[in-house]
Number of protein chains: 2
Amino acid sequence: MDRVNEILRNIGKKCTEQRKLILQTLFELAKPVSADEVYEYLSETNKVGRTTVYRTLELFERKKLVRRIIFKDGIIRYESTHLKHHHHLICLSCGEVIPLEHCAIASLDGSVIEDADFLVTEHFLELYGYCKKCRGGK
Amino acid sequence: MDRVNEILRNIGKKCTEQRKLILQTLFELAKPVSADEVYEYLSETNKVGRTTVYRTLELFERKKLVRRIIFKDGIIRYESTHLKHHHHLICLSCGEVIPLEHCAIASLDGSVIEDADFLVTEHFLELYGYCKKCRGGK
DNA sequence: TATCTAAATGAAATTTAGTTTCATTTAAAA
DNA sequence: TTTTAAATGAAACTAAATTTCATTTAGATA
């Protein structure tokens with residue numbers, strides 16, 4: 001929790017109970033989660049309102065504490081940036097999300113696509129398919 | 001329009017006026033468009049209801065006439081599969097969407113990620129950054 | 001060609017994700 | 001401690017997408 005306090009102090013915003021809880025949750029879950037999942041996760045103790053969760057995740061995105069991740073379903077999810085840049089394997093059968101450490105196209109960012117004269121600053125890559133379990137050994 | 005008729009006959013579903021109009025629209029626009037954009041595009045003649053547009057795009061996706069494309073905003077868009085597999089450059093400033101012909105990671109599909117024992121069947125890659133115009137020559 | 005029927009349509013109601021409003025509360029500066 | 005701008009959260013709202021169900025229609029069958 002000390003770490004959470006320090007991070008929040010560094011972004012130049014008020015260090016509220018709600019923000020600490022939300023950031024802590026993102027650390028604990030350590031995978032892409034939607035605002036509603038964060039809200040549900042915290043709702044037992046019921047200390048944080050839905051609106052605050054949405055607003056706080058947006059703030060965290062602006063401050064680069066989280067990155068936005070979008071899967072095929074179009075729901076906006078966020079993942080803590082203390083996990084370094086990576087992509088995901090998403091099972092089309094059971095929905096499991098597996099982080100993929102190595103990024104084969106990291107070199108794209110900062111480069112210019114010649115034909116289009118386009119400067120790439122970020123990229124989204126998600127891989128879909130079937131996990132070991134769902135393939136039943138095949 | 002002959003082409004549209006033939007395609008619809010081949011998927012084993014009724015060849016309705018609405019389906020023909022929607023497929024024709026996807027051919028004409030030839031870029032990722034949302035259900036609402038298709039609806040608006042057709043609304044002058046007002047021949048197709050909103051529900052039908054949503055349902056038809058889902059049908060087309062199941063029949064592989066269109067593929068689903070998701071950008072950062074989370075809105076579900078579709079693009080005709082008569083355009084072969086490719087990705088997009090999306091300008092963070094003006095929103096322009098530029099198709100990117102070459103796919104550097106096409107070889108991923110059908111391959112197994114060893115560490116995770118995961119069979120990849122499809123992938124989503126979108127590149128964000130700044131187009132020539134918005135960079136003002138830089 | 002007329003009849004029939006399962007499939008398709010679309011208006012309206014509903015659901016879900018996300019945003020805005022505004023009165024109240026609070027972190028932290030003075 | 002007082003003060004105040006920032007933050008919160010309930011409720012209202014918006015937008016995207018889905019469901020319901022009465023009506024229409026494509027195209028198979030007689």
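Note on naming: letters A, B, ... go to the chains in the order of the sequence lines (proteins, then strands), and numbering restarts at 1 for each one. Computed from a prediction, not measured in an experiment: that's the story for all the values here.
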Check: Closest nucleotide of DNA chain D for B:Ile76 versus for A:Gly12: which of these residues is on the 5' side?
Finding: A:Gly12
Notebook entry, point to check: Contact class for A:Glu37 (heavy atom, under 4.0 Å): base, sugar-phosphate, or nothing?
Noted result: nothing
Next item on the list: Kindly check if the number of other-residue, nucleotide or ligand heavy atoms within 6.0 Å of CG (A:Asp115) is above 12?
Entry: no
Next item on the list: Nearest whole angstrom, please: distance from the P of C:dA7 to the CD1 of B:Ile11.
Entry: 14 Å
Notebook entry, point to check: For the pair made of CG in A:Asp73 and C1' in C:dG18, what is the distance, rounded to whole Å?
Noted result: 14 Å
Next item on the list: Taking only the side-chain heavy atoms of B:Thr51 (C-beta and beyond), determine which of C:dT9, D:dT25, C:dG10 contains the nearest atom.
Entry: C:dG10
Next item on the list: Identify whether any heavy atom of A:Thr16 sits under 4.0 Å from a base atom; if not, whether one sits that close to sugar-phosphate; answer base, sugar-phosphate or nothing.
Entry: sugar-phosphate
Next item on the list: Kindly indicate whether a cation-pi arrangement holds for B:Arg135 with B:Tyr130, taking the cut-offs as under 6.0 Å to the six-membered ring centre and within 45° of the axis.
Entry: no
Notebook entry, point to check: Would one find a side-chain N or O of A:Arg50 under 4.0 angstrom from OP1 or OP2 of D:dA11?
Noted result: no
Margin query: Here's a test of your reading of the structure: between A:Val48 and B:Arg68, which maps to the more 5' nucleotide of DNA chain D?
Written below: A:Val48
Checklist line | Distance test, side-chain N/O of B:Tyr54 to OP1/OP2 of D:dA17, below 4.0 Å | finding: yes
Item checked: Length of the line joining A:Asp36:CG and D:dG9:C1', which is rounded to integer Å -> 15 Å
Checklist line | Name of the residue among A:Glu61, A:Glu122, A:Glu79 meeting salt bridge (Lys or Arg N to Asp or Glu O under 4.0 Å) with A:Arg67 | finding: A:Glu79
Next item on the list: Examine D:dG9: is either OP1 or OP2 under 4.0 Å from a nitrogen or oxygen in the side chain of A:Thr52? Give yes or no.
Entry: yes
Check: B:His123 vs B:His87 aromatic rings, parallel, tilted or perpendicular, using cut-offs 30° and 60°?
Finding: tilted
Checklist line | For atom CZ of A:Arg77 and atom P of C:dT16, their distance in whole Å | finding: 15 Å
Note to self: Expressed as a whole number of angstroms, how long is the span from B:Arg9:CZ to D:dA28:C1'?
What the structure shows: 16 Å
Note to self: Taking donor-acceptor contacts at under 3.5 Å, does the side chain of B:Arg55 reach the base of C:dG10?
What the structure shows: yes
Margin query: Donor-acceptor check, side chain of A:Ser80 to backbone of A:Val66, threshold 3.5 angstrom: yes or no?
Written below: no
Item checked: Residue-phosphate contact under 4.0 Å: B:Gln18 side-chain N/O, C:dG10 OP1/OP2 -> yes
Next item on the list: From the options D:dA7, C:dA17, D:dT8, select the nucleotide whose nearest atom is closest to the side chain of A:Lys14.
Entry: D:dA7
Check: Atom CG of B:Leu21 and atom C1' of D:dA26: how far apart are they, to the nearest Å?
Finding: 15 Å
Notebook entry, point to check: Can you check the B:Leu59 CG to D:dT18 C1' distance for me, whole Å?
Noted result: 16 Å
Next item on the list: Rounded off to whole Å, could you give me the CD-to-C1' distance for the A:Glu17 and D:dA6 pair?
Entry: 17 Å
